[in-house]
Amino acid sequence: MYPFALERPRDLNAALAFRAQAGLNDAPVEYIAGGTDMVQLLQENVRRPRQLVSLAGLLDNGIELGPQGLRLGAAATMAEVAVHAGVVERFPLISQALLASASPQVRNQATMGGNLLQRTRCPYFRDVGYASCNKRMPGSGCAALGGENRWNAVLGTSENCIAVHPSDLAVALAALDAVVEIGGPEGERSIPLADLHRLPGDTPHLETILEPGEVITAITIPADAGGLRSHYLKVRDRASFEFAVVSAAVALDMDGSGIRQARIALGGVGTKPWRVPRVEAAMAGAVLEPAKLREAAALAAEGARGYGHNDFKIELMQRAIVRAVEIAGART
Ligand SMILES: Cc1cc2nc3c(=O)[nH]c(=O)nc-3n(C[C@H](O)[C@H](O)[C@H](O)COP(=O)(O)OP(=O)(O)OC[C@H]3O[C@@H](n4cnc5c(N)ncnc54)[C@H](O)[C@@H]3O)c2cc1C
Ligand code: SF4
C-alpha cells in the first residue's frame, strides 16, 4: 500500500472544495465512506491517492418513508437499509438485493453511496500484475478480451472494456426508477440512477457522470414503485459472500393474473445496471404463462455479445428473467 494522508473536513462544503481541485476518477485526492471497497483497492495498489477525504459524519444517514416515496441518505449502511421495516414492507426488492450482497460484516460498514460507486471485480483491474487494463491504465489494452472472461459483461461492452458493474443494489434501484441526489461545489442536482454510470466506450476509466468533487447525498425511490410484487433473483457460484454471475430485479404491477406493467433490470451481465425496456413492453398485458414469458425474455439478448467464457450468460439471463417474474407474480 502506498502512503496517504487522511483528511477529516469539519463540514461537507470543506470536503467538496478539498476534493474538487483534484480532478476526475482515480484522482490524487479521493473520498472514502465505509472503506470496504476503497481499502481493498489501496491494499492491492490499484488505487493510489495521496489523500483520502473522509465522508464520515458529513452525509445524511436517514431512511425516510413518506408520501413521495423512499429516501435513503447516502451514509445509511447496507445493513440498516436491508432490515428497515418500511423498506422490507414497501420496497422488498431493495432489501432482498442488499441481503444477497456481501456479508453481514461488510453490510454493517458499507454505505449506500459507496455501494453505487464501488469498482468492478474484473480480475485484471484488481491485480496490478496484469499490464493491460484500460480502466486502470488508459490506453494499456484489455486483458479480459482474450483472457478469462467468465465474469465479464455481454451487454454494453466496447472493444476497450467488458467489465461488469458489480452492485446488486444498483440493479434493484434501476428497476424501481430511483433518482440519485448529488451535491457538489457548484450546488445540488438530481439525476435518474440510469444516468449515473457511463458505458465504457473508449473511456472506460470514466465510470460515472459525477463532476470533480461531487458526492452522492441521497437516493430517492418514487412512491409508485412501492408495494409492487417483486423479486431479486441472484445466480452466483456459492450461496453467500459472492457477486452475481447473473441477477434479475423484477417489480410487477399485476391485474389479476395478468401483468399490467413490468419493471426489470439485470445484473452480472452489463457494464452498468441494465434495464430491459423491450422485455418490459412485451410482458405488459401478458399472463404468467411460461412460453409467453420466455418469448418476452428473449428480447433481452438483443445486442448481447459473448466473449467466449461468458457466452452462457446470454441464455442464463433470459432464464433468470422468467424465473424472477414467475416468483414475483406468485407473491400475494
Ligand atoms: C468480500 C466482499 C464481498 C462483496 N460482495 C458484494 C456483493 O455480493 N454485492 C454487492 O453489491 N457488493 C458487494 N461488495 C461490495 C460492497 O458492497 C462495497 O464494497 C460497498 O458497498 C462500498 O461501500 P463503502 O461505503 O464501503 O464505500 P468506499 O469503499 O468507502 O468507497 C467506494 C467508492 O465510492 C466513493 N464514495 C463513497 N461514498 C461516496 C459518496 N457518498 N459520494 C461520492 N463518492 C463516494 C469512494 O471515493 C470510492 O471510490 C462486496 C465487498 C466485499 C469486500
Ligand atoms: S474488462 Fe475493463 S476492467 Fe477488465 S481488463 Fe478489460 S479494461 Fe480492464
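One-based numbering, in listed order, for ligands and for the atoms of each.
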Do Pro9 and Val53 have side-chain heavy atoms sitting under 4.5 Å apart?
-> yes
Looking at atom 6 (Fe) of ligand 2, what's its closest protein heavy atom, distance included?
-> Cys142 SG, 2.3 Å
Would you say Ala110 has any N or O atom under 3.5 Å from an N or O of ligand 1, going by distance alone?
-> no
So if you build clusters from Ile, Leu, Val, Met, Phe, Trp, Tyr with side-chain heavy-atom gaps below 4.5 Å, do Leu196 and Leu70 land together?
-> yes
Is Gln109 close to ligand 1, meaning an N/O of one under 3.5 Å from an N/O of the other?
-> no
Checking heavy atoms under 4.0 Å, the part of Gln40 that sits near ligand 1 is side chain
Short side-chain to backbone donor-acceptor contact, Lys234 and Gly267, under 3.5 Å = no
Who gets closest to atom 21 (O) of ligand 1 by heavy atom: Ile32, Asn115, Leu42?
-> Asn115
Would you indicate which of Arg47, Gln118, Met38 comes nearest to atom 49 (O) of ligand 1 when only heavy atoms are counted?
-> Arg47
In the protein, what heavy atom is nearest to atom 8 (Fe) of ligand 2, and what distance, to one decimal place, separates them?
-> Cys133 SG, 2.3 Å
Kindly indicate, with the supporting measurements, whether the criterion side chain to side chain contact (heavy atoms under 4.5 Å, CB included) is fulfilled by Ile264 and Ile321.
-> CA-CA 8 Å; Ile264 304 171; Ile321 290 172; 4.2 Å; yes
contact_flag Asn160 ligand 2 heavy-atom lt 4.0 Å | yes
Validation row: Asp168, Val171 side chains within 4.5 angstrom (heavy atoms) | no
Counting both backbone and side chain atoms, is some N or O of Tyr31 under 3.5 Å from an N or O of ligand 1?
-> yes
Ignoring angles and geometry beyond distance, decide whether Phe241 reaches within less than 3.5 Å of ligand 1 through its nitrogen or oxygen atoms.
-> no
Asp37 heavy atoms, cut-off 4.0 Å: which ligand 1 atoms fall inside?
-> 19 (O), 29 (O)
Would you mind telling me if ligand 1 is within reach of the side chain of Glu207, the backbone, both or neither, using heavy atoms under 4.0 Å?
-> neither
For ligand 1, which atoms have a heavy atom of Gly114 less than 4.0 angstrom away?
-> 22 (C), 23 (O), 24 (P), 25 (O), 27 (O), 32 (C), 34 (O), 37 (C), 38 (N)
Given Val215, Val106, Leu210, which has its nearest heavy atom closest to atom 51 (C) of ligand 1?
-> Val106
Check whether any side-chain heavy atom of Asp177 sits under 4.5 Å from a side-chain heavy atom of Asp224, and report yes or no.
-> no
For Ser101, atoms of ligand 1 separated by under 4.0 Å from a heavy atom = 7 (C), 8 (O), 9 (N), 10 (C), 11 (O)
Would you call Leu293 and Gln318 a side-chain contact if the rule is heavy atoms closer than 4.5 Å?
-> no
Polar contact flag, side-chain donor to acceptor under 3.5 angstrom, Thr157-Tyr307 = yes
Please find out if atom 2 (Fe) of ligand 2 and some N, O or S atom of Cys122 are separated by less than 2.8 Å.
-> no
Which ligand 1 atoms are under 4.0 Å away from a heavy-atom of Leu59?
-> 41 (N)
Can you find an N or O of Ser167 that's nearer than 3.5 Å to an N or O of ligand 1?
-> no
Treating Ile, Leu, Val, Met, Phe, Trp and Tyr as nodes and any side-chain heavy-atom pair under 4.5 angstrom as an edge, say whether Leu299 and Val250 lie in one connected cluster.
-> yes
Residue, atom name and distance, where the atom is the protein heavy atom closest to atom 5 (S) of ligand 2 | Tyr124 CB, 3.4 Å
Mode of Thr217 contact toward ligand 1 - side chain, backbone, both, neither (heavy atoms, under 4.0 Å) = neither
Per-atom contacts of ligand 2 with Phe125, taking only distances under 4.0 Å to non-hydrogen atoms | 3 (S)
Any idea which protein heavy atom is nearest atom 2 (Fe) of ligand 2, and the distance to it?
-> Cys161 SG, 2.4 Å
Sidechain-backbone polar pair: Gln96 side chain, Tyr232 backbone, donor-acceptor under 3.5 Å = yes
Of the backbone atoms (N, CA, C, O) and the side-chain heavy atoms from C-beta on, which set of Glu242 has a member under 4.0 Å from an atom of ligand 1: side chain, backbone, both, or neither?
-> backbone
Is it true that Lys234 lies under 4.0 Å from ligand 1, counting heavy atoms only?
-> yes
With the 4.5 Å side-chain cut-off for hydrophobic clustering, are Leu99 and Val235 part of the same group?
-> no
Under 4.0 Å to a heavy atom of Asn152 - the qualifying atoms of ligand 2, by number = 1 (S)
Could you state whether Val154 and Trp274 fall into the same hydrophobic cluster, counting links through intermediate Ile, Leu, Val, Met, Phe, Trp or Tyr residues with side-chain heavy atoms under 4.5 angstrom apart?
-> yes
So which of Thr36, Thr208, Leu116, Leu55 gets nearest to atom 19 (O) of ligand 1, if we judge by its closest heavy atom?
-> Thr36
For atom 1 (S) of ligand 2, what is the nearest protein heavy atom, given as residue, atom name and distance?
-> Ile162 N, 3.2 Å
Asn134 vs Thr203 side-chain heavy atoms within contact, under 4.5 Å | no
Please tell me if the side chains of Ile327 and Arg331 come closer than 4.5 Å, counting only heavy atoms from C-beta onward.
-> yes
Note: Pro166, heavy atoms under 4.0 Å from ligand 1, region reported as backbone
Determine whether Val83 and Ile219 fall in the same hydrophobic cluster, where Ile, Leu, Val, Met, Phe, Trp and Tyr are linked whenever their side-chain heavy atoms lie under 4.5 Å apart.
-> no
State if Met78 counts as touching ligand 1 under the rule of any non-hydrogen atom under 4.0 Å.
-> yes
